[in-house]
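Below is one structure, written out as structure tokens, with a few remarks after it.
Remember, predicted model here, so these are calculated numbers, not experimental data. Scope of the values below: all heavy atoms of this structure, side chains included, with no hydrogens, waters or symmetry mates.
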Amino acid sequence: IAPHVYDLGTTLAPGKHRLTICVDNTKTIDLGRFVSINYEGTQTNWNGLIGKLELRAKDPVSIADVEVYPDVARKLARVRVTIANQTGRPSTGVLTIGAAGGPAIRMQFSAAEPRTIATAELPMGAHPRMWDEFSPARYRLSVSMTAGAFHDSESVTFGMRDFATQGTQFTLNGRPIFLRGTLECAIFPHTGYPPTDVDSWRRIYTIIKSYGLNHMRFHSWCPPDAAFTAADQEGILIQAEGPQANVPAGRDAPRDAFLEQEMLRMVRTYGNHPSFVMMTPGNEFGGPMELMTKWVDMLMKEDPRHLYSSASNNNLVTPNRQFTVSSRPRGVQGTSTMVDFRDAVSKQDRPLVGHEIGQWTFYPNFDEIPKYTGVLAAKNFALVRDDLAAKHMPDLAPRIVQATGHHAVLLYKEEMELLLRTPGHAGFALLDLHDYPGQGTALIGILDPFWDSKGFITPEQHRRYAGPTVPLLRMPKRTYTADEGFHAGVEAAHFGAADLRIAEPQWSIRDEHGRVVASGSLPPLVVPTGKLTPLGSIDASFAKVAAPAKLNVLVSLRGTEFANDWDIWVYPANAEIPVPPDVLVARTWAEAATALASGRKVLLFPSTVNPALSRPGKFLPVFWSSVWFPNRQPSTMGILCDPKHPALAQFPTEFYSNWQWYDLIQNSRSMILDAAPAAFRPIVQVIDTFERNGKLGNLFEARVGQGRLLVCTIDLPGLAEKSPAAKQLLRSLYGYVGSSAFNPSVDLPAPLLEGMFAVQ
């Protein structure tokens, strides 16, 4: 939490001495299992000596501490100097205080006690350089002291910044901002401990900035000074936390006293850093309201340079908190981009920060195993790899990695946009931009645990929907028919350094070949910073679209890097979908079995399935980790298919779940096909969780005796009248089973299928 400083006394005899340090790893105080700094869920336990180890000699009268309180409104810095006096008698002297580039001031002091506070106000000039995420200007303040024969000097870095609240938003130097953050849960697989050099932290911050983020929350721990120094330099806003998590306070007086002192050490040690803007006593814990209120009051009184709240994400919210961190509301709400959380925000009277949003899962990439060259080995990945091989699907691993990755990126994009299009929302912290390798293997990042890209999205693409200026689109749905028009509202969430004085919105709709289907521009306007601004609306026709087609809607601001895009799908408008004359469309296994026995072609949409041999279809993937939450739904990770398979010839799709699959997957069952032959592959495979690695499918084909069977456990007949995507997939399947291309190569025994579908 803070440096350990030990006083070896006022005098030591000249000569050589032996200094012995014993590190006790015993957890004598229960801070809560999930405190990141000593939690085995991050695959290591810290507890050791890292960073700067030094001996200091000081005169009996010396400078013990320097604190700088920027006063942006008055354009000055209030300086508070603590003078230590170990002589046992009063001492007088002179302090000289100055910041680089400005005049120094001199003041006399009198130190009669062991600790004396001297204060001064240092003018910062008519136009002080301000610290923020776009121009993180820093000042170096120097303090020198002379008291007779005693001398000392100290220097600290600070920034002229004012982090405050305005209604439900945060402000930085008076400008409303939006926190776009991620967590750091003390994940350092190479070393097993946090870096204590500035360059290592600058690398991390440079990476998250390249992806559009401006904020980092340290989950239940406080990083070393190097992390704050690097954040000062890069303009990253830090939320640090006391070392407690998921264990109620107020039940153990020694524990509470220890935590209280730890929190005070945090603000006293790191308070000068302009990047240190927010703090809570810890993560997801409760306790007596009186104690929590006392802690928040204590911190606000001790150091008002930061904003404070009660525990991150807890129903116990103190009345004196300055912001709220909550997991409600959160999540993806469906395919419409009209929805937002304005109702929830309207009930707030202070900033609301989205807690640990995302947590969409990725499949392990076995190519990462060799990257573990330090204290850890990726044995969890090896277990998954070996299990997938035992299930006869090792060849699918690279495609499964890609399919789950692209699917998760879609969900992260929508969840971040949902919060950005919520008026008055204060921001979010992802869990996480990079993987959390513990807690059952929680692979929830677009980056791996080493902060390296997994290759699913570039920083430039990610910044489109996670940067300071994000064009947004409000459309009621993502699938259309050709006789419909496209209508959508356009907005911009702008939290840049200044207003956009002449914003010229433009839009285009293109097909998969890049050809423009429709385009236009919206009237130029001023887009003020610090808010969500309507830009106009788009009205377009699909008359020129060769349906079925996947289209891309692009919105940009002319002459800037600000752009964003969304996929939509357009399907034919004609109503009739004739059933091929030589195909039986069956709803029960009994009628399908009879037709197959006579050598017919059958398309089966089973009205009943064996629940023991199937799983409910869900578009969203596993939350966090299926190992950690084995009974939590959903329990699958999207789809994997071959877009070139003739069954999908009339249904434009990628090899992974995209939004046109939403209604289809939500109204499906995933059949467990582990008993099928090893080489058997469904046409649309549903990716199982990596701790099970089952062979699942909702569209598959086989020879059954003399007949040919195509099984679809998506309720296309029931959805076709209201879902253009369902109707189009049904059209594509009819075209396939009615053609000569329908010639399954793998045999499945009738008893196996009977066990799946002949359910009373």
Side-chain angles (χ1 to χ4, degrees), residues 32-48 181-195 200-201 203-204 207-208 211 216-221 223 227 245-246 283-284 356-388 397-398 400-402 404-405 408-409 412 429-456 621-630 632 637 687 689-693:
R33 182 185 176 192
F34 302 109
V35 173
S36 293
I37 198 64
N38 65 355
Y39 173 45
E40 75 278 2
T42 55
Q43 298 184 324
T44 49
N45 289 311
W46 314 129
N47 290 325
T182 187
L183 266 63
E184 176 46 75
C185 293
I187 298 165
F188 306 103
H190 274 149
T191 61
Y193 58 81
S200 293
W201 286 102
R203 172 185 176 265
I204 293 172
I207 289 171
I208 72 170
Y211 284 86
M216 181 170 280
R217 173 192 164 216
F218 288 84
H219 178 299
S220 63
W221 71 293
N246 303 77
N283 176 74
E284 297 184 14
E356 298 180 1
I357 76 162
Q359 306 189 44
W360 309 113
T361 49
F362 297 70
Y363 197 86
N365 181 0
F366 307 141
D367 291 340
E368 290 179 21
I369 294 176
K371 297 182 71 171
Y372 284 79
T373 58
V375 299
L376 299 179
K379 294 185 178 181
N380 50 346
F381 279 35
L383 286 171
V384 177
R385 177 197 60 200
D386 296 345
D387 184 60
L388 189 67
I400 291 175
V401 170
Q402 290 296 312
T404 60
V409 167
Y412 271 112
L430 297 166
L431 186 60
D432 194 331
L433 191 67
H434 76 327
D435 280 344
Y436 190 109
Q439 285 194 351
T441 307
L443 309 179
I444 38 70
I446 63 171
L447 309 180
D448 67 20
F450 309 96
W451 294 99
D452 295 329
S453 172
K454 294 181 180 179
F456 301 120
V622 168
F623 168 84
W624 187 242
S625 167
S626 58
V627 178
W628 197 251
F629 297 103
R632 185 162 180 168
M637 301 179 68
I687 301 168
T689 59
F690 53 76
E691 103 283 3
R692 279 192 314 243
N693 285 319

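Considering only residues two or more places apart in sequence or on other chains, Glu356 meets the salt bridge (Lys or Arg N to Asp or Glu O under 4.0 Å) condition with Arg217. Residues satisfying the salt bridge (Lys or Arg N to Asp or Glu O under 4.0 Å) test with Arg385, not counting sequence neighbours, are none.
The two residues Cys185 and Ser36 have their closest heavy-atom pair at O-CB, 3.5 Å. Phe366 and Pro370 get closest at one heavy-atom pair: O-CD, 4.0 Å. What you find for Ser220 and Phe34 is that their closest heavy atoms are OG-O, 3.5 Å. Nearest heavy atoms, Leu447 versus Ser453: CD2-CA, 3.6 Å. What you find for Pro195 and Trp201 is that their closest heavy atoms are O-NE1, 2.7 Å.
Side-chain contact between Pro449 and Tyr372 is present, with at least one heavy-atom pair separated by less than 4.5 Å. Using a 4.5 Å heavy-atom cutoff, the side chains of Gln439 and Ser625 are not in contact. The closest side-chain heavy-atom distance from Lys379 to Leu383 is not below 4.5 Å. The shortest side-chain heavy-atom distance between Asn365 and Val401 falls under the 4.5 Å cut-off. Side-chain contact between Trp221 and Asn38: absent, with no pair of heavy atoms (C-beta onward) separated by less than 4.5 Å.
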Val622/Thr361 under side-chain contact (heavy atoms from CB on, under 4.5 Å): CA gap, chis, key distance, verdict
CA-CA 6 Å; Val622 168; Thr361 49; 3.7 Å; yes
After noting the C-alpha distance and the side-chain angles of Asn246 and Asn283, does the key distance pass the side-chain contact (heavy atoms from CB on, under 4.5 Å) rule?
CA-CA 6 Å; Asn246 303 77; Asn283 176 74; 3.4 Å; yes
List the steps, then state whether side-chain contact (heavy atoms from CB on, under 4.5 Å) holds for Tyr363 with Val384.
CA-CA 10 Å; Tyr363 197 86; Val384 177; 3.5 Å; yes
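Here the CD-CD1 distance, from Glu184 to Ile204, works out to 6.0 Å after rounding to the nearest 0.5 Å. The OH atom of Tyr39 sits 9.5 Å away from the NE2 atom of His219 when rounded to the nearest 0.5 Å. Considering CZ of Phe623 and CD of Gln359, their distance stands at 4.0 Å, rounded to 0.5 Å. Between Met637 atom CE and Thr689 atom OG1 the span is 8.0 Å, to the nearest 0.5 Å.
A donor-acceptor pair shorter than 3.5 Å can be found between the side chains of Ser626 and Glu691.
Annotation: Phe690 is not in aromatic contact with Phe362 [ring centroid separation under 6.0 Å not met].
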Please set out all donor-acceptor pairs under 3.5 angstrom arising from side-chain atoms of residues 429-437, sequence neighbours excluded.
| residue | atom | partner | partner atom | Å |
| --- | --- | --- | --- | --- |
| Asp432 | OD1 | Thr182 | OG1 | 2.5 |
| Asp432 | OD1 | His434 | N | 3.3 |
| Asp432 | OD1 | His434 | ND1 | 3.2 |
| Asp432 | OD2 | His434 | ND1 | 3.3 |
| Asp435 | OD1 | Ile444 | N | 3.0 |
| Asp435 | OD1 | Gly445 | N | 2.8 |
| Asp435 | OD1 | Lys454 | NZ | 2.9 |
| Asp435 | OD2 | Lys454 | NZ | 2.8 |

